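Protein chains get the first letters and strands the later ones, always in sequence-line order, with residue 1 at the start of each. Predicted, not measured: the structure shown is a model, and the values here were computed from it.
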Protein chains: 2
Amino acid sequence: MDDIFKALNDETRRQILTLLSEKGSLTASEIHEEFEMSKPSISNHLNILRNAGLVTSEKKGQYIHYTLHTTVLQDLLVWMIKLNK
Amino acid sequence: MDDIFKALNDETRRQILTLLSEKGSLTASEIHEEFEMSKPSISNHLNILRNAGLVTSEKKGQYIHYTLHTTVLQDLLVWMIKLNK
DNA sequence: TGTCTAATTAGTTATTTACCTAATTGTATA
DNA sequence: TATACAATTAGGTAAATAACTAATTAGACA
């Protein structure tokens with residue numbers, strides 16, 4: 001849970017998730033094009049999102065495709081529901 | 001949204017929310033008793049939770065009672081649902 | 001093989017965060 | 001009034017975070 005909350009606590013990372021939600025799979029470079037930020041910084045954000053399980057990555061040749069993975073958000077939902085009991 | 005994610009990105013603050021969920025309203029001192037942390041630190045956490053709208057506070061004499069306020073979690077839920085579209 | 005491109009790793013820096021102790025504010029009550 | 005207690009504010013420090021540039025790794029292809 002800690003990794004999820006950490007990953008979501010950044011506007012750039014939330015925008016990346018929204019972007020992937022709208023566009024489907026994108027490469028790191030395609031994601032980079034949408035932000036005014038260096039590629040290494042974007043790469044770091046993608047790594048944090050992957051550690052949290054919020055995106056998956058698949059290597060195709062020299063490209064790495066990132067995809068939104070919302071399954072882990074169920075944990076967050078369960079946490080919210082417990083709080084409301 | 002930023003304040004909510006920020007507030008939730010800390011284990012102590014999440015535990016405070018869970019505690020309030022279980023026990024109802026508590027004073028800052030009562031909350032402090034449950035943690036091995038100084039009162040000013042707990043006070044600071046409570047302030048962050050209040051800024052996010054996750055708790056409300058009511059002063060009764062020299063005591064301040066803190067209560068869980070989950071309404072703002074609806075914003076989080078909406079955000080999660082949009083991501084899944 | 002050499003060069004281009006995609007992406008990450010390494011290393012650095014400024015800012016933010018979470019904690020502490022000491023001091024202050026405000027209320028209750030002997 | 002003075003003492004005790006609840007809670008916060010003030011001030012300071014160590015660790016974590018987010019950003020950058022430079023360097024490296026690895027695949028594509030002429």
Taking atom [atom2] of [N] as reference, at what distance in whole Å does atom [atom1] of [X] sit?
X: A:K39; N: D:dA23; atom1: NZ; atom2: P; answer: 18 Å
X: B:E30; N: D:dC5; atom1: CD; atom2: P; answer: 16 Å
X: A:D10; N: C:dT17; atom1: CG; atom2: C1'; answer: 14 Å
X: B:I48; N: C:dT17; atom1: CD1; atom2: C1'; answer: 8 Å
X: A:D2; N: C:dT17; atom1: CG; atom2: C1'; answer: 14 Å
X: A:R50; N: C:dA7; atom1: CZ; atom2: P; answer: 12 Å
X: A:R14; N: D:dA18; atom1: CZ; atom2: P; answer: 11 Å
X: B:I64; N: C:dT27; atom1: CD1; atom2: P; answer: 10 Å

Look at the side-chain N and O atoms of [X] and state whether any lies under 4.0 Å from the OP1 or OP2 oxygen of [N].
X: A:S43; N: C:dA7; value: no
X: B:Y66; N: D:dT8; value: yes
X: A:H45; N: D:dA19; value: yes
X: A:S38; N: D:dA19; value: no
X: A:S29; N: C:dT5; value: no

Taking every non-hydrogen atom, the tightest pair across [X] and [Y]:
X: B:L76; Y: B:L8; result: CD2-CD1, 3.9 Å
X: B:L46; Y: B:I31; result: CD2-CD1, 3.8 Å
X: B:V72; Y: B:I4; result: O-CD1, 3.7 Å
X: B:A7; Y: B:R13; result: O-NE, 2.8 Å

| task | Between C:dG26, D:dT21, D:dT17, spot the one nearest the side chain of A:K6, thanks. | result | D:dT17
| task | Measure from the side-chain heavy atoms of A:P40 and tell me the nearest of C:dT9, D:dG27, C:dG26. | result | C:dT9
| task | Starting from the 5' end of DNA chain C, give me the residue, B:S41 or B:G61, whose nearest nucleotide shows up first. | result | B:S41
| query | Got a salt bridge between A:K23 and A:E34, using NZ or NE/NH1/NH2 to carboxylate O under 4.0 Å? | reply | yes
| note | Assign each of A:Q62 and A:I42 the nucleotide of DNA chain D bearing its closest heavy atom; nearer the 5' end lies the nucleotide of A:I42
